[in-house]
There are 2 protein chains.
Amino acid sequence: MPQRKRRVSMADVARRAGVSSQTVSRVSNGHPGVVDATRRQVLDAMKELGYRPNSAARALKSGEFRTIGIILFTLSTTGNVRTLEAIATSAAEEGYAITLLPVAVPTQDEVRGAFTRLGELAVDAIIVIMEVHLLDAATVSLPPNIGVVVADSNAGDRYSVVDTDQAGGSREAVRHLLGLGHRTVWHLAGPADSFAAQRRADAWRATLEEAGREVPPPVRGDWSAESGYLAGLRLAGEPGCTAVFAANDQMALGLLRALHERGRAVPAEVSVVGFDDIPEAGSFIPPLTTVHQDFAEVGRRCVAGVLRQLRTDAVERGTTLVPTRLVVRGSSGPPPGA
Amino acid sequence: MPQRKRRVSMADVARRAGVSSQTVSRVSNGHPGVVDATRRQVLDAMKELGYRPNSAARALKSGEFRTIGIILFTLSTTGNVRTLEAIATSAAEEGYAITLLPVAVPTQDEVRGAFTRLGELAVDAIIVIMEVHLLDAATVSLPPNIGVVVADSNAGDRYSVVDTDQAGGSREAVRHLLGLGHRTVWHLAGPADSFAAQRRADAWRATLEEAGREVPPPVRGDWSAESGYLAGLRLAGEPGCTAVFAANDQMALGLLRALHERGRAVPAEVSVVGFDDIPEAGSFIPPLTTVHQDFAEVGRRCVAGVLRQLRTDAVERGTTLVPTRLVVRGSSGPPPGA
DNA sequence: CAATTGGATGTTTACGTAAACATATCAGGT
DNA sequence: ACCTGATATGTTTACGTAAACATCCAATTG
């Protein structure tokens with residue numbers, strides 16, 4: 001196999017420009033104290049030779065990689081993807097690259113493995129987009145002196161957590177429906193092992209209780225549209241059900257289909273409110289009233305958080321909540337006969 | 001307690017274990033020729049001190065980073081995300097990490113900037129998920145000796161390209177509709193600057209022409225559900241329109257809403273076929289007949305491609321097509337009166 | 001005009017790893 | 001006992017960069 005050509009190093013540039021490699025380093029890093037003529041010589045030599053800094057050597061010397069590692073379980077949920085995109089954009093603005101560490105199966109072993117690999121990986125900080133119970137066994141293997149921020153979790157007592165204000169958004173959704181005149185609101189909940197789902201359900205229940213309303217039994221799905229459809233078939237059979245708060249938009253989509261199939265008009269007979277405000281929500285039949293999440297802000301705060309910890313060499317704890325906003329569209333209205 | 005001192009190095013482990021650092025290196029890399037007792041001593045010392053290999057030093061020495069860089073424009077399209085996820089999974093299996101390089105604005109300047117940064121970045125290979133016309137000005141700044149694979153492009157003459165068989169899938173969709181008895185098939189096309197959209201439109205037209213059918217004027221959207229809705233309002237007014245092939249599922253979603261609002265029953269009056277098979281497609285009203293893309297296979301081939309180029313130090317060209325599969329659901333049926 | 005100063009540039013060194021090379025040890029064959 | 005060759009381990013070195021330190025030179029000053 002042909003030996004691959006060595007890349008152009010500072011020494012090569014230095015030789016070509018007739019200066020020392022240290023001067024090349026200074027030019028490369030924009031340090032002051034290099035006279036213009038020399039700087040130009042060096043820049044010319046760089047261009048002629050096609051010099052590119054070797055980031056491995058730089059990282060070895062400086063001790064930082066200018067990279068943030070992201071551990072997540074899946075890219076198949078809207079929330080994860082949009083958080084990731086926001087993080088990537090925000091990190092790029094700060095001059096940091098993003099290294100992805102997908103965990104195929106959400107078991108503690110897999111997660112621990114990911115953390116271990118991450119310890120050897122070229123990252124200065126870590127952002128975890130994951131439910132916290134999966135982290136529990138993994139903490140020990142976290143390398144010291146590395147910033148960690150967790151999105152989508154309740155681990156504020158142990159980590160710095162940035163999350164959407166799940167409770168506030170849910171409260172808003174339920175109050176919106178009650179305000180329209182519905183006697184109570186049913187809930188199409190997310191999976192039991194999701195903390196986000198749990199918080200949305202808790203806030204739903206609490207809001208109903210505060211208002212002195214009856215709390216119907218929640219129906220549980222797994223975030224997927226298909227599970228929303230199955231749940232919807234059951235809810236369509238509940239005569240007293242005039243309003244449903246779905247824990248995400250995908251399940252709301254399935255719910256709408258079930259109601260449509262069963263001939264229950266939305267919103268004339270049943271109102272539906274979702275959570276997330278995915279881009280397609282406005283194109284559902286009918287367009288979905290839903291709770292908008294500001295993922296961009298979540299991403300920004302995650303990046304700001306890890307970089308702050310990195311720079312101050314401090315470990316932060318506590319939870320930051322990003323506010324939500326109710327987007328009212330066509331799927332919610334007054335109950336029949338109101 | 002957290003040592004905020006220097007990280008533990010091989011030398012530290014070597015001292016603790018009473019061996020040379022080279023022996024530690026051998027144990028760390030699983031080389032043979034270390035006797036069991038010694039190996040155990042070293043492993044114990046590693047664990048006691050919490051040793052983690054320094055990837056920067058390793059990369060500097062070995063010349064490889066075991067990382068693949070991914071340039072993409074946005075994570076807001078299903079296709080990109082699912083391709084990315086597949087690539088990440090596949091790369092992880094090969095022991096490679098993924099570094100994300102999002103390009104905020106799809107201008108040539110931005111893309112060139114991304115490539116330049118990538119040249120300084122710690123990556124062994126690059127996968128580009130992007131339309132090729134954005135790459136044109138950027139090629140010069142690509143570092144030598146680096147594998148490149150492009151997904152979603154027509155640049156097979158200059159790069160190694162892996163893509164879904166857009167033409168085959170479109171042909172299958174159109175033939176399915178013709179086979180049901182429709183006289184012709186209308187097309188809800190994607191944006192003009194997308195090569196994928198162009199190929200889907202070309203194949204749609206060619207299939208109609210081969211069958212000797214009339215070719216209605218295509219209606220153009222921008223991939224979004226909203227644009228599909230607007231296009232749908234126009235198509236709903238076309239009396240002869242009994243079948244529509246939408247270039248993606250999101251636009252098909254908007255189309256379904258427009259048809260529903262205008263009282264055109266699907267599939268009794270109008271049949272709709274999409275492209276992508278997003279997870280929600282089965283929950284549309286009615287469930288969407290669509291062309292399934294095998295993103296996992298695209299990802300696998302991308303990774304295999306760059307790694308092969310990396311290992312053989314060769315530059316490959318040409319296009320690899322990943323087959324599609326038509327998924328028939330409820331949105332397509334015979335035309336009225338058939 | 002010599003001494004001093006400070007900016008520009010060169011030299012040395014260390015970062016942590018692993019290949020290449022060197023040495024030590026020992027079993028088995030004569 | 002002596003050599004042979006294999007196996008286990010140690011020593012040296014280089015990877016590319018940038019901080020720390022050293023040197024040089026021109027301009028300013030007493």
Side-chain angles (χ1 to χ4, degrees), chain A residues 1 3-43 45-46 49-67 119-124 143 145, chain B residues 3 5-43 45-46 49-67 119-124 143 145:
Chain A
M1 173 165 128
Q3 277 293 348
R4 120 182 337 210
K5 281 181 292 196
R6 234 183 54 260
R7 274 179 59 164
V8 181
S9 76
M10 278 193 171
D12 300 322
V13 176
R15 209 172 305 119
R16 173 66 146 256
V19 300
S20 76
S21 66
Q22 183 55 42
T23 299
V24 178
S25 169
R26 282 192 264 256
V27 171
S28 177
N29 293 4
H31 281 261
V34 179
V35 91
D36 264 6
T38 311
R39 175 183 310 271
R40 192 170 357 257
Q41 273 183 319
V42 171
L43 289 174
M46 280 180 173
L49 299 176
Y51 168 75
R52 289 173 191 290
N54 178 319
S55 59
R58 184 172 277 180
L60 174 58
K61 192 72 177 78
S62 70
E64 44 171 63
F65 301 94
R66 299 200 69 80
T67 297
E120 306 167 4
L121 220 55
V123 298
D124 303 314
N145 293 334
Chain B
Q3 321 91 325
K5 290 266 298 181
R6 244 180 36 261
R7 273 179 60 164
V8 181
S9 77
M10 278 191 170
D12 300 323
V13 176
R15 209 171 307 119
R16 173 66 147 255
V19 300
S20 77
S21 67
Q22 183 55 39
T23 299
V24 178
S25 169
R26 282 191 263 256
V27 172
S28 176
N29 293 8
H31 281 263
V34 179
V35 89
D36 265 5
T38 311
R39 175 180 309 272
R40 189 170 356 260
Q41 272 181 321
V42 171
L43 289 174
M46 280 180 174
L49 299 175
Y51 168 76
R52 289 174 191 290
N54 178 320
S55 61
R58 184 173 279 179
L60 174 59
K61 191 76 179 76
S62 69
E64 23 172 86
F65 300 95
R66 299 199 71 78
T67 297
E120 306 168 5
L121 220 56
V123 299
D124 303 314
N145 293 332

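None of the values given here were measured: they were computed from a predicted structure. Here is how names work: the chains are called A, B, and so on, in the same order as the sequence lines, proteins then strands, and each is numbered from 1.
The shortest distance between side-chain heavy atoms of A:S55 and A:R66 does not fall below 4.5 Å.
Relative to the side chain of A:S25, the nucleotides D:dT17, C:dT11, D:dA18 differ in distance, and D:dA18 lies closest. Distances were taken from every side-chain heavy atom of A:S20 (C-beta onward) to each of D:dT11, C:dG10, C:dG16; the shortest belongs to C:dG10. Ranking D:dG16, C:dG16, D:dG10 by closeness to the B:A57 side chain, first place goes to C:dG16. Distance from the side chain of A:V19 is smallest for C:dG10 among the nucleotides D:dA18, C:dA19, C:dG10. When distances run from any side-chain atom of A:S9 to the nucleotides D:dG16, D:dT9, D:dA18, the shortest one goes to D:dG16.
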Going by atom type alone, with no hydrogens or angles, which donor-acceptor pairs under 3.5 Å involve a side-chain atom of residues 29-42 of chain B and a protein atom two or more places apart or on another chain?
residue	atom	partner	partner atom	Å
B:N29	OD1	B:R58	NH2	3.2
B:R39	NH2	B:H31	O	3.4

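Distance B:K61 NZ to D:dC15 C1': 6 Å, rounded to the nearest Å. Atom C1' of nucleotide D:dA19 and atom CE of A:M10 are separated by 12 Å, given to the nearest angstrom. Distance A:R58 CZ to D:dA18 C1': 9 Å, rounded to the nearest Å. In this structure, the CZ atom of A:F65 is 15 Å from the C1' atom of D:dG16, given to the nearest Å. For the pair B:L60 CG and C:dA14 P, the interatomic distance rounds to 17 Å; values are reported in whole Å. One interatomic measurement links the two molecules: CD of B:Q22 to C1' of C:dT17, which rounds to 9 Å at whole-angstrom precision. Rounded to an integer number of Å, the gap from A:E64 CD to D:dA18 C1' is 13 Å. Atom CD in A:Q41 sits roughly 12 Å away from atom C1' in C:dT9 (whole-Å rounding).
A residue-by-residue look at A:S62 and B:R26 shows that B:R26 has its nearest nucleotide of DNA chain D further toward the 5' end.
In terms of heavy-atom proximity, B:D124 sits nearest to B:E64 at OD1-CA, 3.5 Å.
In this model, the phosphate group of D:dG10 is approached by a side-chain N or O of B:T23 to a distance below 4.0 Å at OP1 or OP2. Between B:N29 and the phosphate of C:dA18, there is a side-chain N or O to OP1/OP2 separation shorter than 4.0 Å.
Taking CG of B:L60 as the reference point, atom NZ of A:K61 lies at 12.0 Å (rounded to 0.5 Å). In this structure, CE in A:M10 is found 10.5 Å from OG1 in A:T23, a value given to the nearest 0.5 Å. For the atom pair B:S28 OG and B:Q22 CD, the distance stands at 10.5 Å (nearest 0.5 Å).
A heavy atom lying under 4.0 Å from DNA chain D marks the following residues of residues 30-39 of chain B, by number: B:G33, B:V34, B:V35, B:T38.
Judged by distance alone, with hydrogens and angles left aside, B:R52 brings no side-chain donor or acceptor close enough to the base of C:dG16 to form a pair under 3.5 Å.
For the salt bridge (charged side-chain N to carboxylate O under 4.0 Å, His left out) test, no residue two or more places apart in sequence or in another chain qualifies with B:R26.
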